Amino acid sequence: MSIATALKPSTDQQNDFLPLMGTDYVEFYVGNAKQAAHYYMTAFGFQALAYAGPETGVKDRASYVVRQHKLTFVLTTPVRPENEIADHVYKHGDGVKFLALMVNDAASAWEETTKRGGRSYMEPKKMEDKDGQVMMSGIHTYGDTVHLFIERKNYNGPFMPGFRAWTNPHFAPADTGLQYVDHCVGNVGWNQMNPWVKFYEEVMGFKNILSFDDEDISTEYSALMSKVMSNGNGFVKFPINEPAEGKRKSQVEEYLEFYQGEGVQHVALATNDIVKTIRDLMSRGVEFLKVPTSYYDDLIQRVGKIDEDMEPLKELGILVDRDNEGYLLQLFSKPVQDRPTLFFEIIQRKGAKSFGKGNFKALFEAIEREQAERGNL
Ligand code: FE2
């Protein structure tokens, strides 16, 4: 057995060379952004916010921005072949391209990270329109994924210079209670977890707050190893997974094969009322992994007393786990595109700062059943 060290994120923010205020937005490169935006609005309860494309002077792409509380998603598609976005979609299918982080100083974020070995994606760039200015810079991380640093100087437009407001008075689906990005998980190749842990430590000043090795996850199930990286104030958490040898093919390996490389495996979205959120999402067609009902037989023995009624949790298949600070409720969607790659986690934290280790076994059995159905086990 080998659970992890539960190191607290550092409170020493004086010496944080990369202060982050949270996730600014997540941008997906997709095959059809118009329809993807509709899916996130209809199924997940986002609202239309902004648009950029040929009509606004951007010739090679169309981007739709949707928002729900503090969550902002950008759906971008190429409108011509032979550009970087088209190549990305051809190779990876739909997936996360940018994890954009909120900073006070995009120039300093770029200087501090590139001087520590980060590979530049974009030098600090000032973007301006009548609504104000935004500074942006960026560095590459695993695979073709990029971290952008976004500095908003009292920007009053809908999203960013270059985007115009986008609304549809005839179509405004109710929100589903999704609040903010809790964490974003990356899948990396064999033996690549530690090099990427080192990248987050050295280049971005993150700390490894939790580790799981393959012993934590029975080798009968899709094996993987994982380390959770957190920035200084704990607002930004990036667990990194790599495949491990098991009796069957690791779920991380299946991802790497279908994504054609390393990339974002799941984005965890926080809610304050998981029963209501999951009920809404399910009724709008979002599909979730299902654990056997026997999971609930000894749940109270495992996690102790919880505030929620057991019946709705069981009915909706919501998972519960406890650590020494509290408990959490979580549920994982099925992949949201035809390749078995990106999915979402819905999470409600009641004190717990961990990631649901106690659910790995039940969960991996569920994932393994799905993998077997696809013929990839
Ligand atoms: Fe997660």
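Small disclaimer: the values here were computed from a predicted structure and weren't measured.
- Ring geometry for Tyr200 versus Phe238: interplanar angle of 30 to 60°, hence tilted.
- Between the side chain of Asn208 and the backbone N or O of Val228, at least one donor-acceptor pair lies under 3.5 Å.
- Side-chain atoms of Gln47 do not come within 3.5 Å of backbone N or O of His69 as any donor-acceptor pair.
- Sparse packing is recorded around CG of Asn104, with 12 or fewer heavy atoms of other residues, nucleotides or ligands lying under 6.0 Å away.
- Within 6.0 Å of the CZ atom in Phe171, the count of heavy atoms belonging to other residues, nucleotides or ligands exceeds 12.
- Shortest non-hydrogen contact noted between Leu256 and Asn187 is CD2-O, 4.0 Å.
- No side-chain donor-acceptor contact under 3.5 Å links Thr23 to the backbone of Tyr25.
- Aromatic rings from Phe355 and Phe212 are positioned such that their centres are separated by 6.0 Å or more.
- In this structure, Arg116 is not positioned above the aromatic face of Phe199 in the sense of NZ or CZ being under 6.0 Å from the six-membered ring centre and within 45° of the axis.
- Donor-acceptor pairing under 3.5 Å is lacking for the side chains of Asn376 and Gln371.
- Between the side chain of Asp321 and the backbone N or O of Leu328, no donor-acceptor pair lies under 3.5 Å.
- The closest side-chain donor-acceptor pair between Asn233 and Asn231 falls under 3.5 angstrom.
- Counting non-hydrogen atoms of neighbouring residues, nucleotides and ligands closer than 6.0 angstrom, the NZ atom of Lys290 exceeds 12 such neighbours.
- Looking at Thr341 and Gln337, their side chains do bring a donor and an acceptor atom within 3.5 Å of each other.
- Scanning for ring-ring contact (aromatic ring centres under 6.0 Å, His included) contacts around Tyr51 gives Tyr64, with sequence neighbours left out.
- The aromatic ring centroids of Phe73 and Phe44 lie 6.0 Å or more from each other.
- Put simply, the side chain of Trp110 gets close to the backbone of Met122: a donor and an acceptor are under 3.5 Å apart.
- Comment: Glu315 engages Arg279 in a salt bridge, judged by a side-chain N to carboxylate O separation of less than 4.0 angstrom.
- Of all the heavy atoms in Val188 and Glu262, the pair that sits closest is CB-OE2, 3.4 Å.
- Of the possible donor and acceptor atoms, none in the side chain of Glu151 sits under 3.5 Å from a partner among the backbone N and O of Val103.
- Residues Tyr40 and Phe28 bring their aromatic ring centres within 6.0 Å.
- Between the side chain of Arg322 and the backbone N or O of Lys305, at least one donor-acceptor pair lies under 3.5 Å.
- Minimum heavy-atom separation, Ala37 to Trp166: CB-CH2, 4.0 Å.
- A donor-acceptor pair is defined here as one N or O able to donate and one able to accept, closer than 3.5 Å; such a pair exists between the side chain of Thr56 and the backbone of Gly53.
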Can you give me every donor-acceptor pair (side chain of residues 344-351, partner residue at least two apart or in another chain, under 3.5 Å) with its distance?
from: Glu345; atom 1: OE1; to: His183; atom 2: NE2; distance (Å): 3.0
from: Glu345; atom 1: OE1; to: His266; atom 2: NE2; distance (Å): 3.0
from: Glu345; atom 1: OE2; to: Gln330; atom 2: NE2; distance (Å): 2.9
from: Gln348; atom 1: OE1; to: Ile274; atom 2: N; distance (Å): 2.9
from: Gln348; atom 1: NE2; to: Asn272; atom 2: O; distance (Å): 2.7
from: Arg349; atom 1: NE; to: Asp182; atom 2: OD1; distance (Å): 3.4
from: Arg349; atom 1: NE; to: Asp182; atom 2: OD2; distance (Å): 2.7
from: Arg349; atom 1: NH1; to: Ala352; atom 2: O; distance (Å): 3.1
from: Arg349; atom 1: NH1; to: Ser354; atom 2: O; distance (Å): 2.7
from: Arg349; atom 1: NH2; to: Asp182; atom 2: OD1; distance (Å): 2.8
from: Arg349; atom 1: NH2; to: Ser354; atom 2: O; distance (Å): 3.2
from: Lys350; atom 1: NZ; to: Asp307; atom 2: OD2; distance (Å): 3.1
from: Lys350; atom 1: NZ; to: Glu308; atom 2: OE2; distance (Å): 2.7

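- More than 12 heavy atoms of other shown residues, nucleotides or ligands fall within 6.0 angstrom of atom CD in Glu84.
- No donor-acceptor contact under 3.5 angstrom links the side chains of Ser283 and Asp280, judged on distance only.
- Taking a 6.0 Å sphere around CG of Asn168, one finds it holds more than 12 heavy atoms contributed by other residues, nucleotides or ligands.
- Shortest non-hydrogen contact noted between Met282 and Leu331 is CE-CD2, 4.3 Å.
- His92 and Asp144 share a donor-acceptor pair across their side chains, judged by distance under 3.5 Å alone.
- The number of heavy-atom neighbours closer than 6.0 Å to CD of Glu82, taken from other residues, nucleotides and ligands shown, is 12 or below.
- At a cut-off of 3.5 Å, with distance as the only test, a side-chain donor of Arg67 or Thr72 sits close to an acceptor on the other residue.
- Shortest non-hydrogen contact noted between Pro312 and Val275 is CB-CG1, 3.9 Å.
- Within the cation-pi definition used here (under 6.0 Å to the ring centroid, within 45° of the axis), Arg152 qualifies as a partner of Phe159.
- Within a 6.0 Å sphere centred on CZ of Arg119, other residues, nucleotides and ligands contribute 12 heavy atoms or fewer.
- If you check the side chains of Glu27 and Thr76, you find a donor sitting under 3.5 Å from an acceptor.
- For the residue pair Asn241 and Gln265, a side-chain donor N or O sits within less than 3.5 Å of a side-chain acceptor on the partner.
- Cluster partners of Met135 are absent, since no Ile, Leu, Val, Met, Phe, Trp or Tyr has side-chain heavy atoms less than 4.5 Å from it.
- The nearest pair of heavy atoms linking Pro158 to Ala50 is CB-CB, 4.2 Å.
- Using modelled atom types, one side-chain atom of Asp323 and one backbone atom of Gly326 make a donor-acceptor pair closer than 3.5 Å.
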